[in-house]
Structures are given as structure tokens and as C-alpha cells.
Amino acid sequence: MSSLFSGLNPEQLEAVTLPHLSALVLAGAGSGKTRVLTTRIAHLIQSNFASPHEILAVTFTNKAAKEMLTRISTLLPINTQGMWVGTFHGLCNRMLRAHCQDAGLSRTFQILDSADQLSVVRRILKKLGVDDEKFPPRQVQWFINNAKEEGLRASKVDARDDFTRKLIELYVVYEQQCERESVVDFAELLLRSYELLINQEIIREHYRKRFSHVLVDEFQDTSRLQYKWLKLLTNEKSAVFVVGDDDQSIYAFRGANTGNMKDFERDFHVSKIIKLEQNYRSHGNILNAANTLICNNKSRIGKNLWTAEGDGEPLRVYSAQNDLDEATFICNEVRSLQTKGVMLSQMAVLYRSNAQSRVLEHAFFNASLAYRVYGGTRFFDRQEIKHALAYLRIIANPDDDNALLRIINFPVRGIGTRSLEQLQIEAASQGGSLWAAALSKFQSAMSSKLLSKNNESNRSKKGIEGFVTLIQTIRQSCAKLPLPEIIQLMLKDSGLVAYYHAEREGADRLENLYELINAANSFVYEIEDDSLTEFLAHASLEAGEHQTGIGSDALQLMTVHSAKGLEFHSVFLSGLEEGLFPHERSYNEIGGLEEERRLMYVALTRARQLLYLSFAQARMLHGQICRNSPSRFLQEIPDNVLKWLQPLQVQGAKQQVSKIKRAENEFENTISSTSIEELDLGTQTRVLSTKNQEIFQWYIGQNVVHVKFGIGIIINYEGSNADARVQVKFNRAGTKWLSLEYAKLLPI
DNA sequence: GGACTTGAACTTTTT
DNA sequence: GTTCAAGTCC
């Protein structure tokens, strides 16, 4: 028994062995959070406090869930197969499949990913003839998901204006459409499961009784609905053990609600918060930087990381001339670290947004430095895989219109826009799916063929009839086959293999298609289930898992978001410029800057030993050269842990930072104390613009007029001289960033 | 149906 | 500067 606990520090041990109570563990970066969670589960089982069957453990990513299962099985000789360990969506799926009838779902319901959902929305907009300028598909999608996230069905959404009324109408049609097709989107998985628990007392009580221990990882990332779901699954007898770090909450934009931590404390009567503050990852200087930076955030629970190790190296700061220079610098440093014995895979280059990877990749490619970019197209998102999955979906659930539309004419079989339109009209008039319409068309064609003795054999191989025959044939042949063989047969009979074989650059795609068979093989082996429906659910829920090209030693490139949870020997944090990091879009969002700062905190705490911070004085952005000042976050790091690699530029850079900071404070003060119209026009901050012979002086608060956008007021600026851009809040046209060189702004 | 042009937009991301 | 969708032409 004691071996389970060996090496745990007092706080970790306390968390692991907590009695049957609800508890909140505030686990800082690198404090052994996953270890605490898995050891606690092992401890509960080993000491007979709970059987594996009575434990529910929730994570956010499949990766984390898998990791948890692996660790549990190394700690205990038990079969983790049947345990309820998984993602919110995965567990909801599991619950809905088990109670599909009570949840009002078909046994073979399919899961829409975001892209599928978007195409359903597009289709509906088209069908209803809605102006997609006024109602952009993405916004409609966002509206629907948001409503579901609030737990609201269309009838419950507040119709406060005409615009919202229209959106609600679209929401209603969308729901009907999904119902008809037996498909559910990601948000629906959660909402349905939530409603199931609310409405079906017997089921709710069953799970409440069953799960005596509920454990939640990354609790700061839970959304409102997820929190409500957890509350439904538990009662005063359950022990809910949540682990999280409010300082690492970086997903507010997708519904994460840090407030859940405070609510949890209250709702679950948490008497004491356990803080894990000892960090086993980074050297002192790095932690010092991170701690000082995050103290600038006002809304936080508060904790301070410390290490038993020494200070280590100072953080290196590099001020690059431009983005290319920055990339070259990183390239050289990586090379030199490599000769000192650091593996490439132990070095990571982090950036705020994906677009920044291009320049870096270019430099690494030219230097023949092996690198790997995370966050590209994922396996199950590839075009050819989507096509193959669409065939499988139609086999499993023919009413899936999305899937049908994707493949009805792929590979080409002579079904053009006209026949499709006809089919859609027919389906609409019958109130059924496209497949149902195609089937009735097929049947009437068959009977008329018999009557007229018109037996041209070619006719049935083309067009809609051909498609129906094809699907029926495949479905029949598949009835008794195991999953991998179904896929193999489908790939061949559908014509996908022939198509990609003939395609000039189809070799990779062909390989991916065969890889799909492999994926099915390992699915059958691991999950011990070869039902097609389950495999399709797995494909939708684990779109990211199947990454290729892992294994070889390569430099790691990724956004700061995707670096969360990872650690490296050396980290290069690039693009530390105002507008980029913090991102300019965050300036106008409530709590935006604090979220950016947490993101910075996550970035800093990824490094074990070496941390490089770099910014470029000039950079190509949106096709324009931008001169942004160094990030304010750089100034929030204490000087004594920094080592500037170009001492000459220290002065200038630091001054620039303070200048921006002053301007912002001034701006914020003015904004908070006065309305925009009353801004003090005498504000001292100004940018000079030298445009031909005219020289204008621009300052924050200045009224301006634009040829197209009309009258507005300057609320922010960046850069200087010819490259300067100003942010203008127009009376009618909204807020825009404009280049002074091109925008033809006139002061009034 | 496929190749081409044009125009607008343009964080972060898992499920 | 690059992508992605919609429109245009053969």
C-alpha cells in the first residue's frame, strides 16, 4: 500500500488520501496533477473505498483520458476497460447510447463534428432562402451552440428582437433537420444527456447511486452546462474531487467558465482548498518570471509556485530586426543546443497564432532542421477520410443527409445539380430524408422498367438509381462482415480506391484510406467492439488522435494553446509583440487581457531549463509590414531574471514598452471616466503621419472622417510614421484598424 | 464538371 | 500574404 504513495509531497498525499468528501485541488503547472488524480483513483480501489465500477473520471481531451487509464493500469493490476473514464462528450455519448430510447434518439444516431454542423446550417439557409450576408452560417452555428450551452431549447431562448427571432426560427429548423437525420452535434450530446438526467428520475438516481466518486481534471475549463451535468450526476453522498488551475484557464472563448471553481466551493461545501504549489518542472528563474507576471491579474484565487531546485539560467531575450531575423536566431540557438546534446524533440517553438508558423517553418526548412508542426489537418478531418466515413455513415444510418450529399456524386456518377435539386424537393414534400426520396424514386423506376420492358442495363448503373443500387449492394455484403472488412469492401466498391488511384497526387490519400482500415483494426482490438456505429462515433469524437509522423526526433512547433499540459527542456516563445501577444482582438474583450496573460503564464511554465523570449521590431502581418512594440508581458517579468542578448537595444525596447503602457493607462482612464464623445482631445499621445506634403498629427480621442465609413473617433494606434495604423470607432461602421498611409483619413 | 478569377477575411480549439 | 468560398467561363 505504501508503495502507491512513495515520493508524494505532503500536499499531494493529503489530496490523494482525502476522505469521502468533495474537494477542490488547486494544482499549479508542473505540480504533479495527473499523478495525484490517478494515484487517488488507485488508492480508492486498492483500499476498497470504491470499486472501479463506481468511479467516474472526466477529462477534456482523449489524450488525457488515455493517459489516465494507462497510468491507473500501471499502478493496479485491474482491467480498466469498463471504467467510466473519458471526455465529457465521450461519456455523454456512452450514456445516450445506453438509454437511446429514453433520450429520444435512434439506436444508430450519428455525431456531427463542427464542419458537418456548419454544412447542415448552410443547407438550411439555402433551403429557406435566407440571406447569408445578414445571417452568416458561422454566426448561426455559434448562436445554436451558445443556446445549447446555456441549456436552452429554441422555445426557451429570449426573442428580444427581430434578428434574434429569425435566429431562433433557424434553430428550430436545424433541430427538426437533425431529428429527421438522426444526427446530433457536440453541444447536443451534452444537452441531451443533461435533459435525460433531468427528466428521467430512475436513470438519474441509478447513476447517482452508482458513481460514489466523481473526479474531474482541468476543472477550470468546464462550461456552465458541464458543471450542471456534474451536479445532476451527484448528490450529497457523492465525493466530487476536482483538480484545476484558474491561472491556466485559456479557453474562455469556447465556454470555459472559471466561475465554476467558486460555485463548486459553495455548492459542494468544500471546507478547504488544497494547493499544490511545489513545481517539479522548471528552474527558479522561470517560476519567478511566471509568478510575477500572473500577479498582474486581478481575478484569481492566488498561489505561488516554488521549486526545490536552484534558480537555473536566466531567461534570454532577443530583439530581432524582423520576423525572418527572429526565425534565424531561433534556428541558430536550436542548432547550438543540439550540439550540446539536447534532443530536438525536447525543444519547442511556441507562438500565439498559427499564421506565425510560416516564417519559422521557412527558416527551419532552409536550414534542413527537422521540425514538426502540431495542429495541422487531423486524420479524421482529411477529405478522403471524410468521404470514406460518409459512405460508412450511409450504411449505418441512411437518413444522414450530410453524408449522402457528400458522396452521392463522388466519385462522379452523373448526378448533377438538377437531379439533386429535384431530389431535395421530393424529400421536402415527403417530409423524409434524401435517401428515402432516392429510394422511392428508385422503386418507381424499377416498376416502370418492368412494365415497359425497358431493360437497358446501363441505366441502372448511372444516376440516382445506380447510387441506390450501390449502397444497397454494399450494405448487403457487409451485413455479416467484421468492421475492417466492411471498410475494405466499401473502399473498393464505392470507387474511392479507383478514384484516388487515378488521381495524380492521390498516393498519400490512398495510403490514408488504407490507414483507416488499420484504425478500424486497432479499434476492434482495443474497444472489443466491431459495431459500425460505435466506430463512427469514435471517429467523430477522436478526430485528433490519429496523428502521423510521430517518432522521429524533430523540433516541436505549436501554438501556446496546444502546448498546454506539455513540457520541454527548452522553449522558444516567439512573437512577443503588442497586437500579436497579447492579441489585438483581446483588447476590446472583457477580461481579454487577463486571459492573454494566463496564456503567457502557460507558455512560460512549459520550460524546464531554458526559456527564450523573442520579438521582432518589424513583421509581415496581413500582407503589410507592421512595427509593433514589444509585448507588455515582457515588462511584467522582473529584470533580474532576464538576460538581453542584444544589450544595445535594452534601453529602446524598454522605453517603448513603457510608452505604450502609459498610453494605454491614459486611454483606459479616459474611457472609464468619460463617454467616447467626451474624450479629452488634448491627450498627449500622438503618432506622426508623413503623407505626401500633408502632415497630420493624430492622437487618441481625435474625431476623423473617412470616405467610406463616415465619422469616427480614434481610440487606439500602433506603429509610427509611414507604417502607423489607428483604430477608429465609427459612428455607424463599427470599429476598424486603418493604415494611415492608405486610409485617407481626415481630421475634423 | 472542372479550371480559373475575384474578393473578403484574417486568434486561440476540443469534442 | 494566404486561404477559402463564390462566381465565371469553357
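The shown structure was predicted, so the numbers you read here are calculated from the model rather than taken from an experiment.
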query: Between which nucleotides of DNA chain C, 5' to 3', does chain A make heavy-atom contacts below 4.0 Å?
result: C:dG1 to C:dT2
query: Do A:Ser114 side-chain and B:dT15 base share a donor-acceptor contact under 3.5 Å?
result: yes
A:His583 ring over B:dT11 six-membered base ring, under 5.5 Å and 30°: yes
query: Rounded to the nearest Å, what distance is computed from the CG atom of residue A:Leu580 to the C1' atom of nucleotide B:dT12?
result: 12 Å
field: Aromatic plane relationship, A:His538 with A:Phe535 - under 30° parallel, 30 to 60° tilted, over 60° perpendicular
entry: parallel
- request: Considering just the side-chain nitrogens and oxygens of A:Arg378, establish if one lies under 4.0 Å of OP1 or OP2 belonging to B:dT14.
  value: yes
field: Aromatic centroids of A:Phe615 and A:Phe581 separated by under 6.0 Å
entry: no
- request: Under 4.0 Å between any heavy atoms, over every strand shown, what does A:Arg352 touch: base, sugar-phosphate, or nothing? Just pick one.
  value: base
query: Hey, what's the ring geometry for A:His387 with A:Tyr500, parallel, tilted or perpendicular (30° and 60° as the breaks)?
result: tilted
task: Report which part of the nucleic acid A:Phe253 touches: base, sugar-phosphate, or nothing (heavy-atom distance under 4.0 Å, all strands).
output: base
message: Is A:Asn409 close enough to B:dG1 that one of its side-chain N or O atoms is under 4.0 Å from OP1 or OP2 there?
response: yes
query: Do A:Arg372 and A:Tyr374 meet the cation-pi criteria used here (NZ or CZ under 6.0 Å from the six-membered ring centre, within 45° of the axis)?
result: yes
field: Separation of atom NZ in A:Lys564 from atom C1' in B:dT13, rounded to whole Å
entry: 11 Å
- prompt: Among pairs that include at least one residue of residues 415-424 of chain A, which meet side-chain hydrogen bond (donor to acceptor under 3.5 Å, both in side chains), considering only residues two or more places apart or in two chains?
  reply: none
- prompt: How long is the line joining NZ of A:Lys66 and P of B:dT14, in whole Å?
  reply: 15 Å
task: Carefully, step by step, assess A:Lys386 and A:Asp113 under the rule salt bridge (Lys or Arg N to Asp or Glu O under 4.0 Å).
output: CA-CA 11 Å; A:Lys386 283 242 157 195; A:Asp113 65 25; 2.6 Å; yes
query: Quick one: is B:dT15 close enough that its OP1 or OP2 comes under 4.0 Å of any side-chain N or O from A:Ser540?
result: no
message: Any base atoms under 4.0 Å from A:Glu596, or only sugar-phosphate, or nothing? Heavy atoms, all strands.
response: base
- prompt: Contact class for A:Leu112 vs. all strands (heavy atom < 4.0 Å): base, sugar-phosphate, or nothing?
  reply: nothing
- request: Assign A:Glu218 to base, sugar-phosphate, or nothing according to its heavy-atom contacts below 4.0 angstrom with the strands shown.
  value: nothing
Nearest-angstrom distance from the residue atom CZ of A:Arg585 to P of B:dA9: 11 Å
- prompt: Where the side chain of A:Phe186 is concerned, which of B:dT11, B:dT12, B:dT15 is the nearest nucleotide?
  reply: B:dT15
field: In B:dT11, glycosidic geometry as syn within 90° of 0 or anti otherwise
entry: syn
message: Please report the interatomic distance CD(A:Gln117) to CD1(A:Ile144), rounded to the nearest 0.5 Å.
response: 6.5 Å
field: Euclidean distance, atom CZ of residue A:Arg138 to atom P of B:dC10 [Å, nearest integer]
entry: 9 Å
query: What integer distance in Å separates A:Asn145:CG from B:dT15:C1'?
result: 11 Å
- request: Quick one: label A:Tyr251 by what it contacts on the DNA or RNA (base, sugar-phosphate, nothing), any heavy atom closer than 4.0 Å.
  value: sugar-phosphate
field: Residues A:Ser531, A:Arg97; criterion side chain to side chain donor-acceptor pair (under 3.5 Å); working and verdict
entry: CA-CA 12 Å; A:Ser531 91; A:Arg97 299 255 173 227; over 6 Å; no
message: Between A:Ser249 (side chain only) and A:Asp246 (backbone N and O only), is there a donor and an acceptor less than 3.5 Å apart?
response: no
task: For A:Asn354, answer base if it contacts any base atom (sugar-phosphate contacts may also be present), sugar-phosphate if it contacts only those atoms, and nothing otherwise; contact means non-hydrogen atoms under 4.0 Å.
output: sugar-phosphate
query: Is there a donor-acceptor contact under 3.5 Å from the side chain of A:Arg192 to the main chain of A:Ala103?
result: yes
- prompt: For the pair made of CG in A:Leu621 and C1' in B:dA9, what is the distance, rounded to whole Å?
  reply: 13 Å
query: Under the side chain to side chain donor-acceptor pair (under 3.5 Å) criterion, do A:Glu578 and A:Tyr587 qualify, and how do the steps go?
result: CA-CA 10 Å; A:Glu578 280 297 310; A:Tyr587 296 160; 2.7 Å; yes
task: Please work out the stems of DNA chain B from pairs that are Watson-Crick or G-U wobble with both distances under 3.5 Å, keeping only runs of three or more consecutive pairs.
output: B:1-10 with C:1-10
